[in-house]
Enquirer: 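One structure, pasted below without further comment.
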Amino acid sequence: MKSNADTGKNKIEKSRNKIPEFPPAGPGKCSKPETAFFGFFRRRISAMLSGRKQTRRCGRKTNNQKFMPLTHTKDLFAKALKGKYALGAFNVNNMELIQAIVEACEEEKAPLILQISKGARSYANPVYLKKLIEAAVSLSNVPIAVHLDHGDTFELCKQCIDEGFTSVMIDASHEPWEKNVEVTKKVVEYAHKYNCSVESELGHLVGAQFDEGEEGGAHSTSGHYTNPDEAVQFVKETGCDSLAVAIGNSHGAFKFKGEQHLDLERLKAIKKALMDANLGDYPLVLHGASSVPKYLVDEINKYGGQMPDAQGVPEPDIEIARRVGCTKVNIDTDLRMAMTAGIRKVFAESPKEFDPRKYMGPARTHVKDLVRHKVKNVLCCAGHAFD
Ligand code: 13P
């Protein structure tokens with residue numbers, strides 16, 4: 001279905017300024033994270049009152065009985081929906097990215113999802129990624145879930161489920177309705193046997209779907225937007241646990257020409273339709289949620305890069321998406337840009353430098369600063385790690 005999104009400035013402003021009446025909105029600004037001291041006692045008391053044992057991580061037994069000390073994606077979702085904050089789903093493909101993201105979330109006490117695409121698996125090798133994540137989990141206290149981003153076949157999803165991922169995305173959104181339903185159902189059936197959750201996508205984003213981000217090169221002026229009634233039917237037919245929506249979003253660093261045009265009214269309509277159909281506070285996923293911050297574009301361009309027309313989703317729109325009910329917010333491009341800016345700066349200022357630690361280290365700090373900002377000021381999940 002083609003979009004009828006209004007790209008006019010007035011409508012965008014109106015949509016941004018309007019507090020979403022439905023569902024009950026989450027906070028406009030993120031509240032201050034609680035202190036470790038207060039948090040410890042609040043958790044002890046609430047565990048005592050509810051008579052439950054305090055558990056930090058549940059882990060997940062996989063079909064071949066491997067055990068990864070991860071936290072279930074569905075547990076993170078349940079808490080995020082209750083607490084009205086969004087979870088950052090950060091794409092990773094190397095050690096520095098994993099370290100930066102996990103350290104940032106550790107410092108901000110934020111739960112997090114590390115996501116791995118097919119491209120990341122072939123770049124780094126699944127075994128390296130798994131071991132790196134296990135190292136990160138063992139060195140940190142915050143709940144971490146691991147998700148397959150844009151799985152394009154049942155076989156790839158099955159592999160990741162067998163490896164112990166806590167959730168997988170099956171993306172057959174480019175296929176006709178019947179095929180999308182069929183393959184999503186097949187993945188759901190297998191995943192649920194092993195207590196793994198499934199994200200699927202309806203409608204489709206413009207630009208590359210499979211990890212190529214900015215190489216997609218297209219701008220999201222058209223594309224198949226998610227229809228609210230079809231979303232209800234799709235969720236009911238497939239049994240998927242969360243749904244990625246297409247509302248004018250796209251991957252990469254060149255999302256819009258001129259003014260942004262996420263169809264936030266459509267997002268509200270999708271959420272409402274799912275709730276009206278007795279599917280509860282159903283978790284929606286926003287792909288292409290990088291905001292392509294101007295300071296990073298400027299820094300990359302200043303130090304020899306060429307990203308003149310880069311543009312992402314403005315942070316106020318991500319905030320609205322969070323308040324309306326996007327529980328998982330996917331971020332990849334901003335991480336790539338932060339890392340690139342950090343490396344470019346060292347190369348430009350110290351051309352004699354050739355020790356990778358001297359440029360990967362500052363790049364890692366750049367990524368960490370960006371993630372701290374996101375979880376604290378945009379997603380509002382800071383301080384919720386031990387809810
Ligand atoms: P960005 O390219 O906007 O970071 O989106 C990433 C994404 O949606 C991965 O699935």
Side-chain angles (χ1 to χ4, degrees), residues 73 86-93 97 100-101 112-121 123 145-152 156-157 160 165 167-174 198-220 223 226 242-256 260-262 267 283-294 296-297 300 307 309-315 317-319 321-322 326-341 366-367 370-371 373-375 378-379:
T73 306
L87 297 158
F90 301 102
N91 285 75
V92 292
N93 53 47
L97 280 169
I101 295 160
L112 72 141
I113 299 173
L114 292 175
Q115 57 182 13
I116 297 170
S117 66
K118 185 178 166 182
R121 282 168 70 83
Y123 170 75
V146 174
H147 175 81
L148 166 68
D149 191 27
H150 291 288
D152 57 347
L156 175 58
C157 292
C160 292
F165 282 43
S167 52
V168 293
M169 175 190 194
I170 173 69
D171 182 1
S173 60
H174 49 288
V198 179
E199 173 185 326
S200 192
E201 180 172 319
L202 188 63
H204 59 95
L205 318 181
V206 174
Q209 286 281 299
F210 302 112
D211 192 44
E212 293 301 282
E214 58 277 11
E215 277 111 279
H219 296 267
S220 58
T226 310
S242 59
L243 188 70
V245 292
I247 54 166
N249 41 332
S250 61
H251 295 129
F254 304 93
K255 298 184 192 300
F256 306 110
Q260 68 79 30
H261 43 87
L262 279 195
L267 180 63
L284 298 177
V285 179
L286 186 67
H287 281 246
S290 280
S291 52
V292 188
K294 188 168 168 347
L296 287 179
V297 177
I300 288 172
M307 300 185 74
D309 300 318
Q311 218 188 117
V313 180
E315 284 184 351
D317 282 31
I318 304 289
E319 283 177 33
R322 162 180 62 76
C326 275
T327 306
K328 174 171 172 278
V329 170
N330 286 10
I331 298 167
D332 183 6
T333 297
D334 284 354
L335 306 172
R336 297 181 186 196
M337 289 180 68
M339 185 150 264
T340 302
H366 242 60
V367 175
L370 175 100
V371 173
H373 163 70
K374 298 264 182 204
V375 299
V378 185
L379 307 173

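Predicted, not measured: the structure shown is a model, and the values here were computed from it. Start at 1 and go down the list; that is how both ligands and their atoms are numbered.
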Enquirer: Taking 4.0 angstrom as the limit and counting only heavy atoms of His150, give me the atoms of ligand 1 inside it, by number and element.
Expert: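 Contacts of ligand 1 toward His150, numbered from 1: 10 (O).
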Enquirer: So, taking the atom named CG in Leu262 and the one named CG in Asn249, what distance separates them when rounded to the nearest 0.5 Å?
Expert: 6.0 Å
Enquirer: Taking all non-hydrogen atoms of both residues, which atom of Ser290 and which atom of Lys255 are closest, and how far apart?
Expert: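 For Ser290 versus Lys255, the nearest heavy atoms are O-CE, 3.3 Å.
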Enquirer: Run the contact test for Arg336 against ligand 1 with a 4.0 Å cut-off on heavy atoms, strictly below, and give the result.
Expert: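 No heavy atom of Arg336 comes that close to ligand 1.
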Enquirer: Will you find, in the side chains of Thr73 and Lys328, an N or O donor that is under 3.5 Å from an N or O acceptor?
Expert: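 Side chains of Thr73 and Lys328: no pair found under 3.5 Å.
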Enquirer: So is there a nitrogen or oxygen of Gly252 less than 3.5 Å from a nitrogen or oxygen in ligand 1?
Expert: yes
Enquirer: Is Ala89 touching ligand 1 with its side chain, its backbone, both, or neither, if touching means heavy atoms under 4.0 Å apart?
Expert: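 Answer for Ala89: neither.
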Enquirer: Ignoring angles and geometry beyond distance, decide whether His251 reaches within less than 3.5 Å of ligand 1 through its nitrogen or oxygen atoms.
Expert: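 Looking only at distances, the answer is yes, because the N/O contact criterion of under 3.5 Å is met.
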Enquirer: For the CG atom of Leu379 and the NE2 atom of His373, what is their distance to the nearest 0.5 Å?
Expert: 9.0 Å
Enquirer: Side chain or backbone of Asp149 under 4.0 Å from ligand 1, or both, or neither, by non-hydrogen atoms?
Expert: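 Contact part for Asp149 vs ligand 1: side chain (C-beta onward).
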Enquirer: Give me the atom names and distance for the closest heavy-atom approach of Asp152 to Ile170.
Expert: C-CD1, 4.2 Å
Enquirer: With no hydrogens and no angle check, just 3.5 Å: does a side-chain donor-acceptor pair link His147 and Ser167?
Expert: yes
Enquirer: So which bit of Asn91 gets within less than 4.0 Å of ligand 1, heavy atoms only: side chain, backbone, both or neither?
Expert: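 It is the side chain that touches ligand 1; the backbone stays farther off.
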Enquirer: Below 4.0 angstrom from a heavy atom of Lys255, which ligand 1 atoms are there? Numbered from 1 as shown, please.
Expert: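 So the answer, numbered in order with elements, is 1 (P), 2 (O), 3 (O).
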Enquirer: How close do Cys326 and Ala86 get, counting heavy atoms only, and between which atoms?
Expert: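 Heavy atoms of Cys326 and Ala86 come nearest at O-CB, 3.5 Å.
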Enquirer: Between Gln311 and Lys294, does any side-chain donor sit less than 3.5 Å from a side-chain acceptor?
Expert: no
Enquirer: Could you tell me, atom by atom, which parts of ligand 1 come under 4.0 Å of a heavy atom of Ala289?
Expert: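 Once the distances to Ala289 are compared, the set is 3 (O), 5 (O).
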Enquirer: With heavy-atom distances below 4.0 Å as the criterion, list the atoms of ligand 1 near His287.
Expert: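 Selected atoms, number and element: 8 (O), 10 (O).
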Enquirer: Only heavy atoms of Ile331, strictly under 4.0 Å: list the atoms of ligand 1 that pass.
Expert: 4 (O)
